[in-house]
A.B. asks: 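Next up is a structure, given as structure tokens.
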Protein chains: 2
Amino acid sequence: MFSDPPDAAVPAGCAIEFIHTYSLIHDDLPALDNDDLRRGKPTCHKKYGEAIAILAGDGLLTLAFETLAQTPVEASRGVRLIAEVARAAGTVRGMVGGQVADLEAEKTRADLATLEYIHRSKTAALIRAACVVGAIAGGAADADVERLRNFGENIGWAFQVVDDILDVEESSAALGKTAGKDQAQQKATYPALLGLTQSREVATELAAKAIAELEPFGARGGNLRQLAEFLVERRS
Amino acid sequence: MFSDPPDAAVPAGCAIEFIHTYSLIHDDLPALDNDDLRRGKPTCHKKYGEAIAILAGDGLLTLAFETLAQTPVEASRGVRLIAEVARAAGTVRGMVGGQVADLEAEKTRADLATLEYIHRSKTAALIRAACVVGAIAGGAADADVERLRNFGENIGWAFQVVDDILDVEESSAALGKTAGKDQAQQKATYPALLGLTQSREVATELAAKAIAELEPFGARGGNLRQLAEFLVERRS
């Protein structure tokens, strides 16, 4: 149904990771989450200063699109890849829009609909794009791209719900980033709104919905199925 | 030699302006130039706070690529546009790289070669890209794209030399941004290294080199010629 040539998939994968890293560097800045620890190490601005951290993020975001434009696929697929990633990273139901909604939510008591919007925009959008660019680069049929889009959306959402849970349950040492920050900053989270037990149920349901999208792929969906299961079971 | 259909040129022009605006918003941040005034108004972070200013810049940079991906041109041209703009905005001889070199130069006494690198990367690259995307969107022949690339590079460089001069000669009211900042921050500039008279000569020579590239276009190059002349004569 779709092949997955490394030549086409690698630049797109790198681009997604550049965007992921840029978003972490900027989110950790003093004006945003003001975090000192990331992946068990000092955050970029702690080590290199705020100016370089801002520019490192800007550089990575730009490099993502430079890399995507060099993906060795036919041009029409290249443009689709770029549009997909830009939308996911952007302001309308994308990462930047989700981050702004998250900032706004700190001032109010966000309801579940707002929290869903934040999680789907801030986190699920990029994970969804990662699944879709793999499918487009590999030449998947439109119906399969759509299944992988839904898969990505649901595991991305589940990932963020679990992230909220781990922020409560785990230590900074286990997470490699500062634990307990959500509550300290009175962030809107699933545990804060639904409690831990119901939050776990939401994550499990989302993963199950994601896995159901893989059904037509049979055995070839094995890795993605394991990924969905892992995201819910992870402890860090 | 090249047509210039509005449908194709407008999104590319918007994308360039989104990147221009993002770069001003981020450069004005406290961690970078720490500027309070831009276009005669409070800078983005003064009005909306640092978090929103960082995210506004990120959002505009992303929107530029989303917009470029929607340019109504054939896909192979679309990918070329995106690669060109990403390179200009990026880290290797692009805007982010130029900004980093500029930061580094504040700590040392930069020589003319370093200053040239900074001006060409930080400023000329985007103006060059603006000229090139217009040519590509309009379907120009490769040789004409190259002429417009050289034209843009030279007027961009001249623009920044004049910017350095105006920072010394003009008032904040005339510029709509804080004047005299370069000297206050001991920035490497053309006037600081060559004096005002020789700096004016450099700007005039660069504009003349740019105008020479337009020669094959005859009367159709009139607007661009006027632009090159204006950039050197401007007082704000």
Side-chain angles (χ1 to χ4, degrees), chain A residues 15 19 22-23 25-27 29-34 45 48-71 73-92 94-104 106, chain B residues 15 19 22-23 25-27 29-34 45 48-71 73-92 94-104 106:
Chain A
I19 289 177
Y22 123 76
S23 75
I25 292 173
H26 279 193
D27 283 2
L29 285 168
L32 289 139
D33 284 353
N34 192 24
H45 67 92
Y48 299 103
E50 268 186 74
I52 290 293
I54 292 165
L55 292 167
D58 293 346
L60 283 166
L61 177 55
T62 310
L63 186 59
F65 291 103
E66 195 174 347
T67 306
L68 281 170
Q70 289 161 1
T71 308
V73 291
E74 62 179 66
S76 62
R77 282 190 203 170
V79 172
R80 272 178 77 195
L81 292 179
I82 291 160
E84 187 79 34
V85 172
R87 204 160 40 237
T91 51
V92 181
M95 294 165 76
V96 173
Q99 186 68 27
V100 171
D102 200 12
L103 280 177
E104 292 296 313
E106 284 175 21
Chain B
I19 289 178
Y22 123 76
S23 75
I25 293 173
H26 278 193
D27 284 2
L29 285 167
L32 288 138
D33 285 352
N34 192 23
H45 66 92
Y48 300 103
E50 270 186 72
I52 290 294
I54 292 166
L55 292 167
D58 294 346
L60 283 165
L61 177 55
T62 311
L63 185 60
F65 292 103
E66 195 174 346
T67 305
L68 282 171
Q70 288 161 3
T71 308
V73 291
E74 61 179 67
S76 63
R77 283 190 202 169
V79 171
R80 273 177 77 195
L81 293 179
I82 291 160
E84 188 80 33
V85 173
R87 203 159 43 239
T91 51
V92 180
M95 295 165 76
V96 173
Q99 186 68 27
V100 171
D102 199 15
L103 280 178
E104 292 295 313
E106 284 176 20

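Labels below follow one simple rule: chain letters A, B, ... track the order of the sequence lines, proteins then strands, and each chain is numbered from 1.
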A.B. asks: With a 4.5 Å cut-off on heavy-atom pairs, point out which of B:Glu66, B:Glu50, B:Glu74, B:His45 contacts chain A the most.
C.D. replies: B:Glu66

A.B. asks: Could you have a look at A:Ile52, A:Leu103, A:Leu60, A:Val79 and say which one has the most heavy-atom pairs with chain B under 4.5 angstrom?
C.D. replies: A:Val79

A.B. asks: Count the heavy-atom pairs under 4.5 Å between each of B:Thr67, B:Asp58, B:Val96 and chain A, then report the option with the highest count.
C.D. replies: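 Heavy-atom pair counts peak at B:Asp58.
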
A.B. asks: At their closest point, which heavy atom of B:Ile19 faces which heavy atom of B:Ala64, and how far apart are they?
C.D. replies: CG1-CB, 3.5 Å

A.B. asks: Pick whichever of A:Ile82, A:Leu68, A:Leu63, A:Thr91 has the most heavy-atom pairs under 4.5 Å with chain B.
C.D. replies: A:Ile82

A.B. asks: Parallel, tilted or perpendicular for A:Phe65 and B:Phe65, by the 30°/60° rule?
C.D. replies: parallel

A.B. asks: Which heavy atom in A:Leu32 sits nearest to a heavy atom in B:Ala51, and how many Å separate them?
C.D. replies: CD2-CB, 4.0 Å

A.B. asks: Which bit of A:Ser76 is near chain B, if near means a heavy-atom gap under 4.5 Å: side chain, backbone, both or neither?
C.D. replies: both

A.B. asks: At a heavy-atom separation under 4.5 Å, does B:Leu29 approach chain A through its side chain, its backbone, both, or neither?
C.D. replies: side chain

A.B. asks: Checking A:Leu81 against chain B: side chain, backbone, both or neither under 4.5 Å from a heavy atom?
C.D. replies: neither

A.B. asks: Using every non-hydrogen atom in the two residues, find where B:Ala86 and A:Thr62 come nearest and quote the distance to one decimal.
C.D. replies: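 Closest heavy-atom pair between B:Ala86 and A:Thr62: O-CG2, 3.2 Å.
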
A.B. asks: Check whether A:Leu55 gets within reach of chain B through its side chain, its backbone, both or neither, counting any heavy atom under 4.5 Å.
C.D. replies: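 Both parts, heavy atoms under 4.5 Å.
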
